[in-house]
Student: 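Questions regarding the structure given below will be posed in turn.
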Amino acid sequence: MDRRILLNNIAVPGIRTFEVFRSTGGYLSVMKALKEMTPDDVIEEVKKSGLRGRGGAGFPAGMKWSFLDKKSNKPRYLICNADESEPGTFKDRFLMEKIPHLLIEGMICSCYALGAETGYIYVRGEFKYIVGILNEAIREAYQNGLLGKNILGTSINLDIHVHSGAGAYICGEETALIESLEGKRGNPRIKPPFPAVVGLYGSPTVVNNVETLCNIGFIVNQGGSEFARYGVGKSTGTKLISACGNINNPGVYEIEFGLSVREFLYSEKYCGGIKNGKELKAVIAGGSSVPILPANLILKTAAGEERMLSYESLAEGGFVSGTMLGSGGFIVFDEDACIVRNTWNLTRFYHHESCGQCSPCREGTGWMENVLHRIENGLGKARDIDLLVSIAAKIEGNTICPLGDAAAWPVASAIRHFRHEFEEHVLHPESCKNSAIRQLDNVQIRRLENV
Amino acid sequence: MFKVTIDNHTIEVEEGTTILQAARMIGGIVVPPAMCYYSKLKESGGKCRTCLVKVAQGSARDPRPLPKLVASCRTPVADGMVVQNITSQEVIETRKAIVEFLLINHPLDCPVCDQAGECDLQDLSYDNGKEESRFEEAKRSFRVIDIGDKIQLHMNRCILCYRCVYTADQLTDKRSHGILYRGDVSEISTYIQTDVTNDFSGNMIDVCPVGALTDKTFRFKNRVWFLNPMNANRSCSKCSGKVTAWMRGGEVYRITGRKDQFGEVEEFICNECRFEKKELSDWTIEGPRNIKRASVISQNHYEKSKKPSVILPLENRTVSLDEFKNGSNNEIQL
Amino acid sequence: MGVALVAILLVFKDIVKDIVGVALVAILVLSNEIIKNNGIMLDKIITHPLHEKKNSTVCFSETALFKVQQIIARYPSGKQKSALLPLLHIAQEEFEGYLSVDVMDYVASLLNIQPIEVYEVATFYSQYYLERVGKNVIEICRTGPCAICGGEAIQSYLEKKLAIKTGETTPDGLFTLKAVECLGACGSAPVMQINTEFYEYLTTEKIDKILADLSSKAKEEKPEKSLWIEEFF
Ligand SMILES: Cc1cc2nc3c(=O)[nH]c(=O)nc-3n(C[C@H](O)[C@H](O)[C@H](O)COP(=O)(O)O)c2cc1C
Ligand code: SF4
Ligand code: SF4
Ligand code: FES
Ligand code: FES
């Protein structure tokens, strides 16, 4: 269970440079695709591979590609979503920083398959140094004839540009990202139409996550069915899991789907157990947006089966006793962590990041934050807990984009699994172990700071 | 032509028609409330979520229901689609919640608001509101500003429907009016030192569903329900000159566009007609205008001691199609 | 008139929660002056951020202008507005780290768009500053994963050490402290970013050292801006 696809050569010194990357077999897929395969062949292999989007939603990449409007005679675009802002997720940054050519390689093959002559990499504004690394990699690719006009002597032209965001989580949502790339506010668009039909500049557009695109090289080289031999069931391939929180070895790990959560958490090879010998309390398994699970439910499903790292196993039990793989941000809480404070913290995040277009999310996220902040600061009332459940339920599913859901799920799941803790905070606010860091602050109910 | 059924009424519509448009063709109480959509403004809609409806059957080909409620203003019909508006308890409950969201930061300052009596939000909350507010936090608050010498902005009342921005974008050639910041501190604003002076900018007042944008030239600030709306016209080189003149005695208090039963103007009018022609002699009066008398004030709702519950589900009543087409909520005895 | 007002109040009587609220509204009705200031919630008033335009002449350096042309060329012709976000980054770098109205108007003219389109964008994204900031902007991550690893303690240590609150700038103009959301480096929590540099696994000792280094560096020359622009755009 420790075969790798993406990070095989990560330890090779100088892998960030074109020369070294090439010497480890890099860019072979570009030659294979352009010289031996038709674009449809590539799409077919990606479909066969069962590769699912690694950005959060897990939508099959091949299927997404096949939705691209073939009838349109407008130019097509591929956008790489490198906005990575989901709390707990830092795998794309790792890929781009350590092995940027893997992404460029994947993008060239993908653009060829999609018939796109321009690709953009939308990097979140905070990653300025990553922009430098990517630009250098792109420059090397141009120099070596892998980008530009007539790639490798074929009639294929391709330009890839890096575009820098400026601090907005919502721009990770694909239509908000497109708006932002057009130089506008990051307001998600109303779908349909989907980007595959009306995307960037009104043209057919595919948006894929960094990790998704990094897998394409392998699929082209080895074939989709070889890729599908990795993993379990419909979770094919490997996944980068970024582990953080109260564990001994935080970091980015490539796991093959099917690894048990227990092994991932406690084995020295991965997280190495809970820090300072403490007990595990809870895990958010897929980035801050997915439901939090208490220790017993993350290790075993409600039916008593060992829980595995895969799309299906993590979702086992639905929202009652399961969660989601999401973006692979694995946040671990030890026994001392305060769930109420953490829920408030994350809700504050969503409140801060809501674009403000639609009323349930604009008004509801702030409302939830205020109520949670009150509870956290010892000003909660018993009925506040049900109020939170009801606000979350009314945001969920009623918004333009999934940020509304992402804001509602953490609250709903925290109360579902840790209701006693919320009640305790209402009844005996002073009893929380965390009260030391609680800066019973200037209870600024509404936080408006922008700087 | 696509066949679509909304709250048990079936109608045939052109391909590309939205659910809301189809519902408006049927008319009456099957029409979902729309606070942000404006048929005359491209790209409007989808934001306020008051028009959410349930699609009980996606289409004849694929009869599965859609998993979530959809914004009827931005969702095109499919052939054989079955939609539930007020016949779905889920829709009614959700709409209540949306109204609650829209109101939590709303100042509820109707007594001092120029829009009172013709405010879509007032009507909406009357029809769909909850009994009491569960919101105990401080409301957000903005200062009142003038945008230009003719229009005043009460940002506190704004529900961020974006209609005024689309108006500025689509009717005027140089937009100077837009949305600043994000999330719940977003605000509508022009930028410093630039007045909204374009010839058609006054239409922002008409499209605004609440009292956020109001007419500073509204003479003597009379309450709208003391005024008589009259169809009036004049020959104007910039617009059709067809307006509604709000009068009392022989005096013209205010000029607006002519609004239809869904609160939308029939035609946009120019600023000269709206702001500068306030003498009776400026206008040819055609006669009284039948405006939508469904608003809170015109229905004398306030005299009733008990607030009506949410509109009755259709199954419980038999109403003919004609009744629907002609009648406003007015005729339904609650 | 009075009857009608009471009438409207009745409409919302269920919503207007308490008697105080009703009384307040009633008082407001009486006082036109207060109405003008819309005084219902006088305690929290947000001032308009786009302060006076100074009409000073603004122009990018030659290096920057060259870069601007390169950036615009990345997008199809007619879609030059796409270059807005990168251009605002450059503008901030060129003009003292923040975007004044004059600078934004200048960017609008470079891209041939309306100034409001720039303001809309500049106020949406959290990395653009409309007001002057310190030479070093300290962005301390305050989101969940960092918070459970001691990020909050680091934040209050920074506040204490710099003797400012989050959101403020030190009197010498050297540091602005800003709390930001997840920086995508949760594995090395707690994390902060200063300008383009990430600082990870923060402890109070590390903070002491970082601040001391930056303070002494500030006395030296700032690196050539053009280098910065070359590298990151
Ligand atoms: C609020 C929100 C934030 C998102 N942030 C990201 C992100 O930072 N990175 C990412 O790759 N996808 C993000 N997504 C998912 C994208 O919308 C989109 O599904 C993804 O880029 C598609 O790529 P994939 O199919 O390769 O996963 C986000 C979605 C939402 C709703
Ligand atoms: S759900 Fe939130 S972030 Fe998404 S469009 Fe609506 S307001 Fe914006
Ligand atoms: S000012 Fe009026 S029209 Fe403009 S967004 Fe606000 S509510 Fe809508
Ligand atoms: S009218 Fe449809 S969402 Fe506002
Ligand atoms: S939470 Fe601090 S970097 Fe992610």
Side-chain angles (χ1 to χ4, degrees), chain A residues 75 84-90 92-93 118 120 124-129 131-132 135 159 161 163-169 171 180-186 201 242-246 250-252 284 288 329 331 333-334 337 341-342 345-346 348-349 352-353 355 437 439 446 448-451, chain C residues 44 46 49 74-76 79-86 88-89 111 113 117 120-121 123-131 133 137 139 142-150 152-153 156 166-169 176 178-189 193 195-198 231-233:
Chain A
E84 187 162 70
S85 325
E86 172 102 351
T89 314
F90 45 98
D92 297 342
R93 172 185 173 208
T118 315
Y120 292 101
R124 67 179 292 191
E126 287 83 349
F127 288 173
K128 288 221 176 64
Y129 77 103
V131 174
N135 274 340
D159 290 307
H161 305 291
H163 181 100
S164 174
Y169 165 68
C171 291
S180 180
L181 191 46
E182 291 183 0
K184 302 183 194 150
R185 298 160 60 82
Y201 310 128
S242 54
C244 62
N246 310 128
V252 177
I284 299 180
S288 64
I331 312 170
F333 298 86
D334 69 17
R341 187 170 184 83
N342 184 65
N345 186 303
L346 292 182
R348 194 221 45 233
F349 170 80
H352 185 258
E353 300 300 332
C355 84
I437 53 162
Q439 306 131 359
R446 194 159 278 278
L448 293 170
E449 81 256 52
N450 232 322
V451 170
Chain C
K44 289 245 179 58
I46 301 156
R74 292 176 190 161
Y75 309 98
K79 306 294 180 195
Q80 77 283 359
K81 189 179 173 185
S82 280
L84 181 53
L85 269 66
L88 288 177
H89 280 301
L111 293 175
I113 55 179
E117 299 179 66
E120 284 186 324
V121 165
T123 53
F124 186 91
Y125 297 92
S126 64
Q127 286 193 307
Y128 299 128
Y129 309 128
L130 299 192
E131 269 148 315
V133 287
V137 180
E139 299 179 304
R142 60 175 174 182
T143 314
C146 275
I148 57 171
C149 296
E152 286 160 317
S156 46
T166 304
E168 294 176 348
T169 303
T176 296
K178 187 185 163 201
V180 296
E181 303 300 349
C182 179
L183 287 167
C186 331
S188 21
Q193 189 180 28
N195 307 330
T196 57
E197 195 80 32
F198 272 80
E231 190 175 348
F232 296 119
F233 291 97

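Labels below follow one simple rule: chain letters A, B, ... track the order of the sequence lines, proteins then strands, and each chain is numbered from 1.
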Student: Distance from A:R93 atom CZ to C:C186 atom SG, nearest 0.5 Å?
Tutor: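 Going from CZ on A:R93 over to SG on C:C186, the span is 9.0 Å.
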Student: Non-hydrogen atoms of chain C under 4.5 Å away: do they reach the side chain of A:L181, the backbone, both or neither?
Tutor: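 For A:L181, backbone and side chain are both near chain C.
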Student: Can you tell me how far the NZ atom of A:K128 sits from the CD atom of C:Q127, to the nearest 0.5 Å?
Tutor: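 With rounding to 0.5 Å, NZ (A:K128) is 4.5 Å from CD (C:Q127).
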Student: Side chains of A:E182 and C:K79, heavy atoms from C-beta outward: is any pair under 4.5 Å?
Tutor: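 Not touching, per the 4.5 Å side-chain cut-off.
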Student: Taking atom CG of A:N342 and atom OG1 of C:T143, what is their separation to the nearest 0.5 Å?
Tutor: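 Here the interatomic distance stands at 10.5 Å.
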Student: With rounding to the nearest 0.5 angstrom, report the OG1 to CZ distance, A:T118 to C:R74.
Tutor: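 Reported to 0.5 Å precision, the distance equals 13.0 Å.
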Student: Where does A:A166 contact chain C at under 4.5 Å (heavy atoms): side chain, backbone, both or neither?
Tutor: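 The answer is both parts of A:A166.
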Student: Below 30° counts as parallel, above 60° as perpendicular, anything between as tilted: where do the rings of A:H161 and C:Y75 land?
Tutor: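 Tilted: the ring planes of A:H161 and C:Y75 meet at 30° to 60°.
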Student: For each of A:G251, A:S180, A:S85, A:P75, tally heavy-atom pairs with chain C at distances under 4.5 Å, and name the one with the top tally.
Tutor: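 Between A:G251, A:S180, A:S85, A:P75, the count favours A:S180.
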Student: Under a 4.5 Å heavy-atom cut-off, does chain C meet the side chain of A:C171, its backbone, both or neither?
Tutor: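 Looking at A:C171, just its side chain touches chain C.
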Student: Measure across A:S164 and C:L85 and return the closest heavy-atom pair with its distance rounded to 0.1 Å.
Tutor: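 A:S164 and C:L85 have their closest heavy atoms at O-CB, 3.8 Å.
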Student: Tell me, for C:A189 versus chain A, whether the close heavy atoms (under 4.5 Å) come from the side chain, the backbone, both or neither.
Tutor: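 Neither part; nothing is under 4.5 Å.
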Student: Is a donor from one side chain sitting under 3.5 angstrom from an acceptor on the other, for C:S82 and A:Y120?
Tutor: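 No pair is found: no donor N or O on one side chain lies under 3.5 Å from an acceptor on the other.
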Student: Could you measure the distance from the CD atom of A:E353 to the SG atom of C:C182? Nearest 0.5 Å is fine.
Tutor: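 Between atom CD of A:E353 and atom SG of C:C182 there are 10.0 Å.
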Student: Using modelled atom types only, decide if a donor and an acceptor are shared between the side chain of C:H89 and the backbone of A:G165 within a distance under 3.5 Å.
Tutor: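 Yes; judged by distance alone, with no hydrogens or angles, the pair exists.
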Student: Does the side-chain contact (heavy atoms from CB on, under 4.5 Å) test come out yes or no for C:E181 and A:R348, once each step is laid out?
Tutor: CA-CA 9 Å; C:E181 303 300 349; A:R348 194 221 45 233; 2.9 Å; yes
Student: What I'd like to find out is whether the side chain of C:E120 reaches to under 4.5 Å of the side chain of A:K184, using heavy atoms alone.
Tutor: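 C:E120 vs A:K184: side chains apart.
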Student: Which pair of non-hydrogen atoms, one from A:F127 and one from C:G184, has the smallest distance, and what is that distance?
Tutor: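 Closest approach of A:F127 to C:G184, heavy atoms only: CZ-O, 4.1 Å.
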Student: Taking side chain as everything from C-beta outward and backbone as N, CA, C, O, which of these in C:Q193 sits under 4.5 Å from a heavy atom of chain A? Side chain, backbone, both or neither.
Tutor: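 For C:Q193, the contact with chain A is made by the side chain alone.
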Student: Tell me, side chain or backbone of A:S242 under 4.5 Å from chain C's heavy atoms, or both, or neither?
Tutor: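 It is neither, since no heavy atom gets under 4.5 Å.
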